[in-house]
Amino acid sequence: MDYSRRELSDRLAAEYVLGTLQGGARRRFEALLPAHPGLRSAVWRWQDRLVPLTASVPPVTPSAAVWRGIEQRIFGETATADAATSVQQRITRWWERLGLWQGLAGAASLATLALAVALSLPGPVQPPVVVVMGTEQGPASFVASVGADGRSLVLKPLAGVTVTAAQALELWAVPPKGAPRSLGLVSNKGATTVLREHLLQGTAAFAVSVEPTGGSPTGAPTGPVVSVGHLEL
C-alpha cells in the first residue's frame, strides 16, 4: 500500500483521529506512524481540525436509565437489590476496584504518551537516489544524486564532456513515454544543483544534451545527447 499518496494517508488519518479505524487496522497504522512523516502530518492536521470542535459540544445530563445502566456495569447490581445492601455493595466494590481503575488510567496515559513520542520522532533517513550517467562507448561523465525528498538534484561532472563558447549543456528528465522535460542548464566544470518538485515522478532516466547558449530553443533536445543514466527504482 502506497502511504505516500496524500488521499490515502489523509483518509486513514481521519479515521484514526475519529476513532473509526479499529482493530488490526488501527494497530498497523500506529506501527507505521514513526516511519512515515506524511502519515504523522496527516494525523496532526486532523487533530487540529477536530479537537477544537469538542469545545462547542454542550453538556448533556444523562437520564436516570443511563445512570442505572452505568451503575449496573460498574457495581454489578440488579435493579431489584435492597437499597441499603446496594449502597454498601457500591462502596465496597468501588474501593476494591479503585486499584483497577487507577491501573487502567495509568496504562491509558502511558499509551497516549508513547503515541505522542512516536508522532514526534523523525522518520528514518532515506538514502538519496544516485544515477551514474554516461554513454555505451565511453566512461561515466556525470553522476546525479536526488535527495530523499525528491525535490533536489545535484549533478556532478566526472570527465569527458566539453563544449564550445557557443554551446551549453542541458539536463533532461526522460519519461518512459513521451517528451523529456528540461531541468535547466548544467555545468561541465562543477556541481549543479537543481530544485524541482517531484523530480522522480514519471522519470525513467536523466540525460544531458548539447544545446545552443541559453538552452534549447524548442523545449526539447536539439543537439546530441552526450550522457544518459537510467533510474532503477
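- Contact annotation: the side chain of Asp10 approaches that of Trp46 to within less than 4.5 Å [non-hydrogen atoms, C-beta and beyond].
- Arg181 places a side-chain heavy atom less than 4.5 Å from the side chain of Thr203.
- Considering every non-hydrogen atom in both Ala173 and Pro175, the closest pair reads O-CD, 3.6 Å.
- Counting heavy atoms from C-beta outward, Trp172 and Val228 have side chains that stay 4.5 Å or more apart.
- By the 4.5 Å heavy-atom criterion applied to side chains, Leu158 and Met133 are not counted as neighbours.
- Within the 4.5 Å cutoff, the side chain of Leu155 has no heavy atoms near those of the Ser187 side chain.
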For this session: Given side-chain contact (heavy atoms from CB on, under 4.5 Å), test Val194 with Leu171 step by step and report yes or no.
Result: CA-CA 9 Å; Val194 177; Leu171 178 65; 4.3 Å; yes
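- Taking both residues in full, the closest heavy atoms of Ala140 and Val132 are given as CB-CG1, 3.5 Å, listed atom of the first, atom of the second, then distance.
- In this structure, Arg26 and Tyr16 approach most closely via the heavy-atom pair NH1-O, 3.1 Å.
- Heavy-atom minimum distance, Val130 versus Ser145: CG2-OG, 4.2 Å.
- Pairs passing the side-chain hydrogen bond (donor to acceptor under 3.5 Å, both in side chains) check and including a residue from residues 155-166, sequence neighbours excluded, read Thr164-Gln167.
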For this session: Determine, stepwise, if the pair Asn188 / Val163 fulfils side-chain contact (heavy atoms from CB on, under 4.5 Å).
Result: CA-CA 8 Å; Asn188 65 339; Val163 291; 4.2 Å; yes
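- Inter-residue side-chain proximity for Val225 and Val208 is flagged as unmet; no heavy-atom pair is nearer than 4.5 Å.
- Nearest approach of Pro157 to Gly190, heavy atoms of both residues: CD-O, 3.3 Å.
- Side-chain atoms of Ser141 and Ser227 form a donor-acceptor pair, as typed in the model, at a separation below 3.5 Å.
- Arg196 CZ to Gln201 CD: the interatomic distance, rounded to the nearest 0.5 Å, is 15.0 Å.
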For this session: Mind running side-chain contact (heavy atoms from CB on, under 4.5 Å) on Leu183 and Leu199 for me, showing each step along the way?
Result: CA-CA 9 Å; Leu183 298 179; Leu199 278 166; 3.9 Å; yes
Problem set entry | Step-by-step side-chain contact (heavy atoms from CB on, under 4.5 Å) determination, Phe206 to His230 | CA-CA 6 Å; Phe206 292 114; His230 294 274; over 6 Å; no
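- At distances below 3.5 Å, at least one donor-acceptor pair connects side-chain atoms of Glu170 with backbone N or O atoms of Ser216.
- Leu153 is not listed as a side-chain neighbour of Thr193, based on a closest heavy-atom distance of 4.5 Å or more.
- What you find for Val43 and Ala13 is that their closest heavy atoms are N-CB, 3.7 Å.
- Residues Leu185 and Leu169 have side chains not in contact (no heavy-atom distance under 4.5 Å, counting atoms from C-beta outward).
- Hydrophobic cluster membership is shared by Leu200 and Val186, with clusters built from Ile, Leu, Val, Met, Phe, Trp and Tyr side chains linked at under 4.5 angstrom.
- Hydrophobic clustering, with ILVMFWY side chains joined whenever heavy atoms are under 4.5 angstrom apart, keeps Val143 apart from Val226.
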